[in-house]
Structures are given as C-alpha cells and as structure tokens.
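Protein chains get the first letters and strands the later ones, always in sequence-line order, with residue 1 at the start of each.
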Amino acid sequence: MKLKPIKAILLLPLALTFAMPIASADEFTDADLERWQQQFMGVVQQGRGLWTSPELGTNGVACAQCHPNAANTHPETYPKFQKQLGKVVPMWEMINWCLKNPLEGQPLDADDPKMTAIQAYVTHERRGVKLEPGKH
Amino acid sequence: MNTIHKSRRSFLKTAGAAALGSTLPISLIELAFADTAENFTFAYISDAHIQHIEGTRFVRNWDRGLIRAVAETNLLVPKPDFVFFGGDLAQLGTKAELDHGAEIMSALRYKVHYVMGEHDYYLDLGDYWEQLFGAQYYSFNHKGVHFIVLNSIRTYDDWTFNRWPSNEQRMLEMAGLDNPNGSPFMVGEEQRNWLKSDLSKVAKTTPIVVLSHSPLQKIFKGWNFWTEDAEEIQALLKPFDKVSVIYGHVHQIQYNQIGNISFNSVMATAWPWPYPQSYAQAEQYLPKLTVPMNRADPFFERDATGWQFINTSNGNVDLHYTLYNNTARSVIYNTKTKQPEDSAYQSEDARIPPQTHF
C-alpha cells in the first residue's frame with residue numbers, strides 16, 4: 001500500500017492506537033475503510049468467479065451465459081412478488097431457481113458463502129441504481 | 001403484403017394441425033418484387049449454442065431450441081428456397097458440438113447457407129467448420145438478389161495469435177460475452193478487399209442482402225454488439241440502392257436505418273440476452289429506432305425466441321415477428337420516413353410495460 005508522506009504521518013498515531021488493547025468502537029480510519037472495501041471486493045470477485053463458472057451447476061451452463069455482467073437480475077427490486085413463484089421472495093430464492101433449472105444443479109443455503117458471493121457480485125454490477133423493492 | 005399474410009396463414013394452419021405452438025425460433029424471410037413470379041422466401045435459424053457436457057451428453061435446453069426450429073422450418077408453407085444459419089451453432093467450437101449441431105441441422109429438407117459465429121471459430125479458426133459447411137465468406141445470386149456472407153467475428157491478429165497459451169483458452173476467453181479479456185469483432189482487411197471486388201461486379205440497382213454474425217454497426221462494445229470496422233463496410237455498401245443487413249449474435253430484436261442500409265437482427269434458438277441498457281455500468285448505443293422485445297420470462301425456457309416473416313418489397317425490409325407467448329410484432333419499412341418502424345408500438349405512448357428494460 002502506497003501512502004502519501006503526510007497521510008502516512010497522520011495515520012501513524014492511529015495505527016499505534018490500534019495496537020493498544022482499548023478499542024474505540026465509533027472510530028475508524030481511511031485504512032479501515034480501504035480494508036473493508038477490499039474484503040467486499042474480494043467476495044465480489046469470488047461471486048464473479050462463480051457467476052462465470054461451468055462448475056456451479058451440473059451441465060456446464062454458467063449464470064453469465066444468460067446474464068452477462070449480471071444484467072437482467074435486478075437486485076434493487078428484491079424482495080418482490082415473484083410472479084412465477086406466486087409469493088414475495090428475497091433474491092436468493094430466485095438464484096436457487098436458476099441453479100436448479102437452467103444449471104441443472106443443487107440449490108444453495110441462504111447463508112452459504114457462495115450465495116453471499118453471488119449476491120455481492122450481482123449487486124455490485126448494479127451499483128448506482130436506486131432501490132426499488134417490489135418493482136417488476 | 002398479400003403474399004406475406006397468405007403464407008403466414010397457411011403456415012399457422014399447418015403448424016396448428018401438427019399441434020405445435022404458435023411461435024417458432026426461426027425467421028421466414030420473404031423477398032417480394034414487382035414481378036411476383038420472382039418472389040421467394042428463406043428461413044433463418046441462428047445462435048443454437050449446442051453445448052457439450054461429456055460423452056454423449058449435451059445441454060438439453062439448447063438442443064431443444066434447435067431441434068424445434070429445424071422441425072418447424074420443415075413445415076413452412078410455402079417452402080422456403082433455402083435456409084440461413086446465422087452462426088454460433090456450437091458453444092465452444094468442438095468437433096463434438098459442431099457434429100451434433102450438424103446432425104440436428106441435417107434433418108432440414110432445404111439447402112442451408114451458414115454464417116460463422118465466434119463460438120464456432122475461436123478453437124481452430126474455423127478449420128473443422130469449413131470441412132462441414134464450406135467457406136467462411138462468400139456470395140451468390142438468387143432470383144435477382146445478391147447475397148453476401150461475411151465472417152464478421154474475426155479480431156486483431158495479436159489477440160488471435162499471440163495472446164493465449166492454447167486454442168482452448170482462446171476459445172474460452174472469446175466465449176464469455178462479458179469477458180473483459182475479449183476483443184472487438186471485425187471483418188478485417190482481407191474480407192473488405194474481397195467485398196470491394198465482389199461488389200464491383202454488381203449493378204447499383206441490384207438489391208443486396210448481407211448476412212453477418214455481428215451487427216455491422218456499433219451498439220455496445222462490452223458484449224461485442226459491435227463490429228470494429230463497421231463504418232468501412234457501410235461505406236462499401238453505400239453506393240447501392242437497396243441494402244439489408246441481417247445479423248445474429250445479439251439474441252434479441254434490434255433494427256436500425258443508417259443511410260441506405262436497413263439493419264435487422266434475428267432471434268436465437270438457445271436463450272435471449274438482456275438489452276445493453278439493463279447493464280447499469282454500460283455506455284451503449286441501442287438504435288433509438290428499436291422498440292425492444294418484451295422482457296423474457298425465464299420460466300418459459302423458449303421465451304424471447306421467435307420467428308419473423310421478412311418482406312423486402314421493392315428492396316426494403318419488412319419484418320413480421322411472432323414471439324413465444326407474446327403478441328406478434330411487425331416492423332415495417334416506412335417509405336415516407338425511410339426507416340423501419342414498429343407497426344403498433346413505435347410511438348413512445350404506444351409502448352407496453354414489458355418493453356421497458358431496466
């Protein structure tokens with residue numbers, strides 16, 4: 001990580017603060033923000049890997065074949081009434097529908113890290129779009 | 001027009017008798033001229049993406065799309081003079097996929113002309129495809145129309161020959177539509193020189209129909225809804241009175257008019273693709289003229305495929321789409337505005353909610 005000299009000097013006391021046993025719950029630094037963003041983007045990258053993987057299902061079909069750049073997935077509209085399922089569902093239920101049908105694979109648990117990664121990727125590709133829960 | 005409606009009625013009657021759905025993932029193209037004795041039709045099937053799993057297993061969904069198109073094309077009344085296949089017969093260009101696709105296509109009772117798609121090409125640069133289907137680019141005349149087939153999915157030599165450790169890797173990289181490691185499609189200098197020479201022998205009044213896999217216009221580079229040397233191809237076609245470009249690749253309805261050239265896309269038999277504007281990060285140029293197809297319902301695996309009657313009355317292109325579980329669409333060349341227009345939905349206030357893609 002490259003830091004401008006002035007910034008590095010400013011960060012130095014903070015880094016020392018972190019080394020101390022007393023944590024400040026409501027304080028975080030630019031370095032923290034950067035680290036958290038890196039953590040998030042790491043999971044997004046895992047999601048992109050799953051999205052383009054022929055191994056996620058059983059027939060070699062990948063999510064990206066029908067949804068390049070996760071387009072036409074509309075994460076900003078979930079939870080919504082999914083007309084084909086006849087009820088309001090969160091996005092992961094629709095992802096599992098795709099895993100079972102076009103991919104001829106097994107569904108994932110809602111808290112499976114793979115499911116988290118897929119949703120992180122899909123949502124990241126949709127960044128900047130306003131939330132519209134319920135929109136078809 | 002009368003010819004079109006008559007043929008459509010006869011076909012639907014035949015199809016109904018065979019207890020088939022009202023929608024076919026093919027395109028019936030009718031060319032109508034002043035002399036009706038010269039009228040003829042051809043069918044258009046495209047983007048089958050036959051995908052090998054292992055051994056004798058192939059992805060059932062995509063198989064069914066092509067099998068259905070072939071079966072229904074064989075029922076067409078009146079019989080088409082020939083069939084075009086618009087490219088991407090295979091998913092990863094293997095012999096297994098091309099052989100399996102060719103076997104399904106062999107049930108067609110008509111002469112078939114093939115167009116090269118990137119999924120057919122980037123494993124062996126078309127060697128095996130050529131053995132099965134013939135030249136990668138060519139032209140022929142049929143009842144007064146000059147047909148030109150281009151391989152429009154080539155790219156920069158450096159990408160093709162120097163970038164990848166194996167042919168398999170090269171194929172995989174180009175097969176991912178949204179892969180940032182891909183490279184823009186182009187016709188290339190060799191074919192542009194051939195095209196120039198080919199066109200020099202054609203009268204400017206002869207209607208020209210160009211078949212390509214990619215659009216020969218620039219819509220969205222990220223998914224190769226794009227041909228890098230599109231302007232140069234368009235310039236070569238500019239001197240002719242009536243030019244129509246029909247392309248695959250995009251798995252959706254698109255149409256446009258640039259000068260004297262009408263552009264029309266055909267549907268895939270495999271699956272539909274999102275419109276580029278539904279990718280929030282994209283800078284894209286879907287022709288303003290295009291009223292999109294209805295959003296696809298994934299629970300109907302053949303949805304957002306369809307068939308078109310295309311009538312080039314006096315050399316201009318009219319399309320009549322019949323869409324799976326959706327209302328039929330017609331895109332008619334308007335001789336006053338000199339552009340193709342949807343007969344029902346062209347004006348902003350006439351559009352219906354499913355045509356809004358976001």
Query raised in the report: Picking from Asn101(A), Asn59(A), Asn69(A), Thr58(A), which has the most non-hydrogen pairs under 4.5 angstrom with chain B?
Result: Asn69(A)

Report summary line: Pair count under 4.5 Å, heavy atoms only, with chain B: among Lys83(A), Arg127(A), Glu76(A), His67(A), highest is Arg127(A)

Requested in this report: Against chain A, label Phe58(B) side chain, backbone, both or neither, depending on which of its atoms sit under 4.5 Å from a heavy atom there.
Outcome: neither

**Report entry** Structural part of Pro272(B) lying under 4.5 Å from a heavy atom of chain A
**Finding:** backbone

Per-residue contact mode, [X] against chain B (heavy atom under 4.5 angstrom):
{"X": "Val129(A)", "result": "side chain"}
{"X": "Thr77(A)", "result": "side chain"}
{"X": "His74(A)", "result": "side chain"}

Distance-only, no hydrogens or angles: does the [X] side chain make a donor-acceptor pair with backbone N or O of [Y] under 3.5 Å?
{"X": "Trp97(A)", "Y": "Phe299(B)", "result": "no"}
{"X": "Glu125(A)", "Y": "Tyr279(B)", "result": "no"}
{"X": "Gln84(A)", "Y": "Asp297(B)", "result": "no"}

Heavy atoms only, distances under 4.5 angstrom: which of [options] has the most pairs with chain A? Name it, please.
{"options": "Gln91(B), His49(B), Arg57(B), His52(B)", "value": "Gln91(B)"}
{"options": "Arg295(B), Arg60(B), His251(B), Glu54(B)", "value": "Arg295(B)"}
{"options": "Val59(B), Thr356(B), Asp178(B)", "value": "Asp178(B)"}

